[in-house]
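One structure is given below, encoded as structure tokens.
In what follows, chains carry the letters A, B, and so on, assigned in the order in which the sequence lines appear, proteins first and then strands, with residues in each chain numbered from 1.
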Protein chains: 2
Amino acid sequence: MTTRWLTPEEQRAWRAYIASAALVEDALDRQLQQEAGMPHLYYSILATLSEAPERRLRMTDLAEGLKITRSRLTYAVTRLEKDGLVRREDCRWDKRGSIATLTDEGMRVLERTAPGHVETVRALLFDRLTPEQVGQLEEIFTAVAGGFQGDDAHATAEDVPWRRRSGKPCS
Amino acid sequence: MTTRWLTPEEQRAWRAYIASAALVEDALDRQLQQEAGMPHLYYSILATLSEAPERRLRMTDLAEGLKITRSRLTYAVTRLEKDGLVRREDCRWDKRGSIATLTDEGMRVLERTAPGHVETVRALLFDRLTPEQVGQLEEIFTAVAGGFQGDDAHATAEDVPWRRRSGKPCS
DNA sequence: TAGGTTTGTTTCAAACTTGAACCAAGCGGA
DNA sequence: TCCGCTTGGTTCAAGTTTGAAACAAACCTA
């Protein structure tokens, strides 16, 4: 079957999106590197942990919630652990398991840097959009995220990133 | 001034966006790594060159068009040059300058892999959106990109990535 | 309950990115 | 013309990401 190239409109949308997505991520990385001494992903790890019950999560759940590979997470957590922001504990119910816990220090860093992060997100994105566009943005990317469901049978998107592996308790 | 946290709606939009953006980039990288043996950025370099007059661009123009650092580009072009897809030439008018040119081989790789890339873009994004949403997507990210104008006074987004540095000819 | 498969996590080397430092070559004015 | 400032590019070390092993524990199933 012959290629269905992008229409001019799709072309424009795609280029605007790709360029902006990269710019936003870069800006976020730089801002957080400045204020928190870590890239965006690492901040997200702390943030995700902070919302989890008891501020702890199994590595695999954390990786799935953040949609990153386990090996990437291993590296990141090792660094955060060195910095004292996260602690690794063994899972008592599953001896293979490893649990990442946000330390008090980690919580403090998060609380200290969150306002600046939110400001940046506003400056980069929401301040530039109308309220309708915010709604559209959500719908568009909820639809896009839907395309990845099959990949590894997750819960939808970010709603319950701390969902447990099986029904098994864990800590 | 006290932090303006994200509203629940903004929160949802932000999370859907962040997660999807990462997923899309990853999927793109994987697809292109498979089919073309290079990550998305490297493919974009070839694509940008292919649209430039004479398929050549000064390093800095290329970096600005792609919105990446010069050093990142240097590394990437070095690799692409090793693979024979791009060639470096000296700029005759400005002895500091270096010009990246797409080779015939590079053009062939691009032509061979473009259809698959477009398919992927459709599968990841456009197939999941209504025509109205495509328009909304463009408007949203054109607005977002607008926020970066001051950073280095570019032409808007991707429209003229091959624009010349000064008025000076170059090759 | 032994043996094979799956699951959770880490390890390792190779590739890539970052930011600061560096080196030329242009440029502008005293 | 000489000098200091800017611009175009590369280099280098440190940090990060990738994907393919490697491992170990848990889970079948015959």
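- DNA chain D lies under 4.0 Å from no heavy atom of any residue of residues 36-45 of chain B.
- At the phosphate of dG15(D), neither OP1 nor OP2 sits under 4.0 Å from any side-chain N or O atom of Arg79(A).
- Residue whose closest nucleotide on DNA chain C sits further toward the 5' end, between Thr78(A) and Ala76(B): Thr78(A).
- Side-chain to base pairing of Arg96(A) with dT7(C): one donor and one acceptor N or O lie within less than 3.5 Å of each other.
- OP1 and OP2 of dT16(D) both lie 4.0 Å or more from every side-chain N or O belonging to Arg72(A).
- Going from atom CD1 of Ile68(B) over to atom C1' of dC16(C) covers 12 Å, rounded to whole Å.
- Among the heavy atoms of the strands lying under 4.0 Å from Ser71(B) is at least one base atom, whether or not backbone atoms are also near.
- Residue contacts shown for Ser98(A) are limited to sugar-phosphate atoms, with no base heavy atom under 4.0 Å away.
- Counting only N and O atoms by type, the side chains of Glu132(B) and Thr130(B) include a donor and acceptor under 3.5 Å apart.
- Taking the side chain as every heavy atom from C-beta outward, Glu89(B) and Ser98(B) never approach each other to under 4.5 Å.
- The ring of Tyr42(A) has its center no closer than 6.0 angstrom to the ring center of Tyr75(A).
- Side chain of Arg122(B) to main chain of Trp5(A): a donor-acceptor pair is present (N/O by atom type, distance under 3.5 Å, no hydrogens or angles).
- Rounded to whole Å, the distance from OH on Tyr75(A) to C1' on dA13(C) is 14 Å.
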(request) Would you sort out whether Asp104(A) and Arg108(A) count as a salt bridge (charged side-chain N to carboxylate O under 4.0 Å, His left out), showing the intermediate values? (result) CA-CA 6 Å; Asp104(A) 290 345; Arg108(A) 251 174 281 141; 5.2 Å; no
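- Two residues, Asp29(A) and Thr74(A), neighbour DNA chain C, and the one matched to the more 5' nucleotide by heavy-atom proximity is Thr74(A).
- When rounded to the nearest whole Å, the span between CG of Asp26(B) and C1' of dC16(C) equals 14 Å.
- The minimum heavy-atom distance between Gln133(A) and Ile140(B), with the atom names listed, is O-CD1, 3.7 Å.
- Protein atom CD of Gln33(B) is 10 Å distant from nucleotide atom P of dA15(C), rounded to whole Å.
- Residue pairs that meet the ring-ring contact (aromatic ring centres under 6.0 Å, His included) test with at least one member in residues 98-129 of chain A, sequence neighbours left out, are His40(A)-His117(A), Tyr43(A)-His117(A).
- The separation between Leu28(B) atom CG and dC16(C) atom P is 16 Å, rounded to whole Å.
- Arg30(B) places its CZ atom 15 Å from the P atom of dT17(D), with the value rounded to the nearest Å.
- Remark: P of dA20(C) and CZ of Arg70(B) are 13 Å apart, rounded to the nearest angstrom.
- Contact between the side-chain N/O atoms of Thr60(A) and the OP1/OP2 oxygens of dT9(C) is found at a separation under 4.0 Å.
- Rounded to whole angstrom, the span from the CZ atom of Arg58(B) across to the P atom of dA25(C) amounts to 14 Å.
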